[in-house]
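Remarks on the structure that follows.
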Amino acid sequence: MPSIAAVSGDFSSESLTKSKKTKKVKNVDDTQKALEFGSSPMEKKIKKEKKSKKIEEFDDSGTTKDAEEKRKSKKKEKKRKTAEVDDEDEERSATSSELGEPVNLLSKKAKLMEMEEDDEEVAAEEKSQKEEHPNALSKFRISERLREMLKEKGIEYLFPIQAMTFDTIFDGSDLVGRARTGQGKTLAFVLPILESLTNGPAKASRKTGHGRAPTVLVLLPTRELACQVFADFEVYGGAVGLTSCCIYGQSPYRQQEFQLKRGVDIVVGTTGRVKDHIERGNIDLSSLKFRVLDEADEMLKMGFVDDVEFILGKVENASKVQTFLFSATLPDWVKQIASKFLKPDKKTADLIGNEKMKASASVRHIVLPCSTSARAQLIPDVIRCYSRGGQTIIFTETKDSASELAGLLPGARALHGDIQQSQREVTLGGFRSGKFTILVATNVAARGLDIENVQLIIQCEPPRDVEAYIHRSGRTGRAGNTGVAVMLYDPRRSNVSKIERECGVKFEHVSAPQPADIAEAAGAEAAETISQISDSVIPAFKAAAEELLNKSSLSPVELLAKALAKAAGYSEIKSRSILTSMENHVTLLLECGKPVYTPSFAYSILRRFLPEEKVESIKGLALTADGKGAVFDVAAEDLDIFLKGQENAAGISLDVVKSLPRLQDRDQARGTRFGSGGRGGRFSGGRGGFSDRRNDRFSKGQGSGRGFGNKGRKW
Ligand SMILES: Nc1ncnc2c1ncn2[C@@H]1O[C@H](COP(=O)(O)OP(=O)(O)OP(=O)(O)O)[C@@H](O)[C@H]1O
């Protein structure tokens, strides 16, 4: 039996530091941190392969790896024997036909029998290895039927959060659960609830028969997430004879009403529609045994809290109901509100606790400077470089920018709150099934969505709060797999270090992929494609090729290079700045031998040796983090004017930079002697002020848990 069953009271990570369980969980995290992030394209793997890889990664028992080694060597041995049998067959058939001798069937049969025995041994070893695992399904009070179902889905062991909370939930406690994104929090409540209802304490009082009132109520912040959690209840609950229904806004009301009236065991839904059904008398909460707030912090802010309170308040005898709150982020204010809904002796299973790193540890977290206007040009290249052949979710701050960006990116679709629900479902379904590979979404897709092949997350700008960063970046790197999260930012307006500090993430700072590098890769692909073209095309194109060769002053190789460029879709290669990512712009570093405190000081230096209109034309001026200089972009065609101008200015250096120095971000710049005043105000004053207001507004909302109404929502 898992050790956690014996732990009573609070089992936050501090209180569990010495327990075996915590050690195991740490090992899982270490394993994840140790995962390597190759930038080479990663082949898509079929689900089953991923599951088994993941299971190995989560295994910290030490025995698994040895056993796996043995199994591999057994397999090698079997392969060798098969080859031997085949060779012997070939040899004998050759000899027997030459010499007319009979084949030695007996020795072949003996070898085959030996191989069958090996097979059985390997299978038995695999089985015992799975059963020995500390979180093997057999070690929990999970019924045979559910175990079979889990195994069918490739699940052989419980993940740490599931193992940690199973007994607590099964044995009747209320619980607050926190684990990083993608670590299986859904099954952490689904499995023990189903077991309790069918084989455990809740079985005796469970209502059955036509028209029965629900025993389980699960509330979620978005319709898409409600559908996803419902799907799990339907599969696993259905296997043990429990029925579920999913109720959410903008979907046919009558059908939901009919299901509820007919009687269901589990209701999964979004707050607005659940409240609506309660008010109309379609949901009777008198038989309720379990209630779950998934993505609890999201449920308790943004105006949901009133509806949640209304719904939870409808349970007359709350002492008979178990309540669970789960999320990857549980700010303190949520814990305070939680005490209102959960019993005083509630337990806490916190797999993050005081650990610095709050975001997914199996995700590579990257930041890349980019001006708003360069985003649409840059994103396709970011996808080419980092998506490893998988799918990409791009997050924007507003619905308009999601629609606009989806329109600009070939093969992308938008998902946000202004899109009709039926279309939202079609879009998400299409993305899940891989019909298209880029989804441009608002925060409506930030929470909980579990889509296996998402390899890359792009955030067009830093989100307003750290929780959003954690959830958005957590749409990749799930269930032990790896992923990449790239956040674009404008150094003058964004505050990357705040997210870095509060999420405990150490960002990799990279500059925009250069078009020439991407073209090189595209050229290699085009060459591969050309080598596969049938020779039948040659006669038809040969004359034109010969004519081109004769007329041109270029060598055959140069002409072929042009043909490859055309095949790869290139007619020219533009340069791209590493600061704003704008095409045909070059980034320069200005230094003058003394500290550059403010943008206005940098401008005044430039004015000493450049005409006013050229100073006006520069883009994205930002101060370096060491305070010694400033970087900015100039149009490629003006580069000479800038470099020549500098020759006439004593003590000033202006150089093209190939890699971007660390820059001051918004907060650091504000702390400088003159803040963002003077000339710099043009860049960081206006918009920066707007961002501040938004942040203030947010933090107030967060503090009270009630700051936003649904209407205030931008997604
Ligand atoms: N024990 C397990 N073994 C293998 N895979 C599992 C196991 N438990 C869950 N999974 C898979 O892990 C993935 C992530 O699970 P889930 O969506 O519940 O994560 P989560 O912790 O709720 O993430 P988020 O915080 O982003 O909502 C799912 O695809 C799920 O099927």
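Atoms within each ligand, like the ligands themselves, are counted from 1 in listed order.
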Among Gln183, Arg447, Arg478, Arg472, closest by any non-hydrogen atom to atom 24 (P) of ligand 1: Arg478
Listed once per pair and sorted, the salt bridge (Lys or Arg N to Asp or Glu O under 4.0 Å) pairs that draw on residues 223-240, sequence neighbours left out: Glu224-Arg424
For Glu295, atoms of ligand 1 separated by under 4.0 Å from a heavy atom: 27 (O)
Ring geometry between Phe189 and Phe326 (parallel below 30°, tilted from 30 to 60°, perpendicular above 60°): tilted
Qualifying ring pair (Phe, Tyr, Trp, His ring centres under 6.0 Å) pairs, either residue in residues 432-461, two or more places apart: Phe431-Phe436
Output field: ring centroids Tyr469/Phe507 closer than 6.0 Å: yes
Whether Ala179 lies under 4.0 Å from ligand 1, heavy atom: no
Proximity to ligand 1 by part of Glu156, non-hydrogen separation under 4.0 Å: neither
Heavy-atom proximity to atom 19 (O) of ligand 1, best of Gly184, Gly154, Ser327: Gly184
Part of Leu150 within contact of ligand 1 (heavy atoms, under 4.0 Å): neither
Interatomic distance, Ile155 atom CD1 to Gln162 atom CD [nearest 0.5 angstrom]: 7.0 Å
Backbone or side-chain N or O of Gln228 under 3.5 Å from ligand 1 N or O: no
For ligand 1, the portion of Glu452 having any non-hydrogen atom under 4.0 Å away: neither
Sub-4.0 Å atoms of ligand 1 with respect to non-hydrogen atoms of Thr186: 16 (P), 17 (O), 18 (O), 22 (O)
Residue Ala479 vicinity, atoms of ligand 1 by number, heavy atom under 4.0 Å: 12 (O), 13 (C)
Sidechain-backbone polar pair: Lys139 side chain, Tyr157 backbone, donor-acceptor under 3.5 Å: no
Straight-line distance of Leu488 CG to Ile379 CD1, nearest 0.5 Å: 5.5 Å
Contact atoms of ligand 1, heavy-atom distance to Leu158 under 4.0 Å: 1 (N)
Any N/O pair Thr181/ligand 1 closer than 3.5 Å: no
Distance-only donor-acceptor check, side chains Gln423 and Thr427, under 3.5 Å: yes
Any N or O of Tyr157 closer than 3.5 Å to N or O of ligand 1: yes
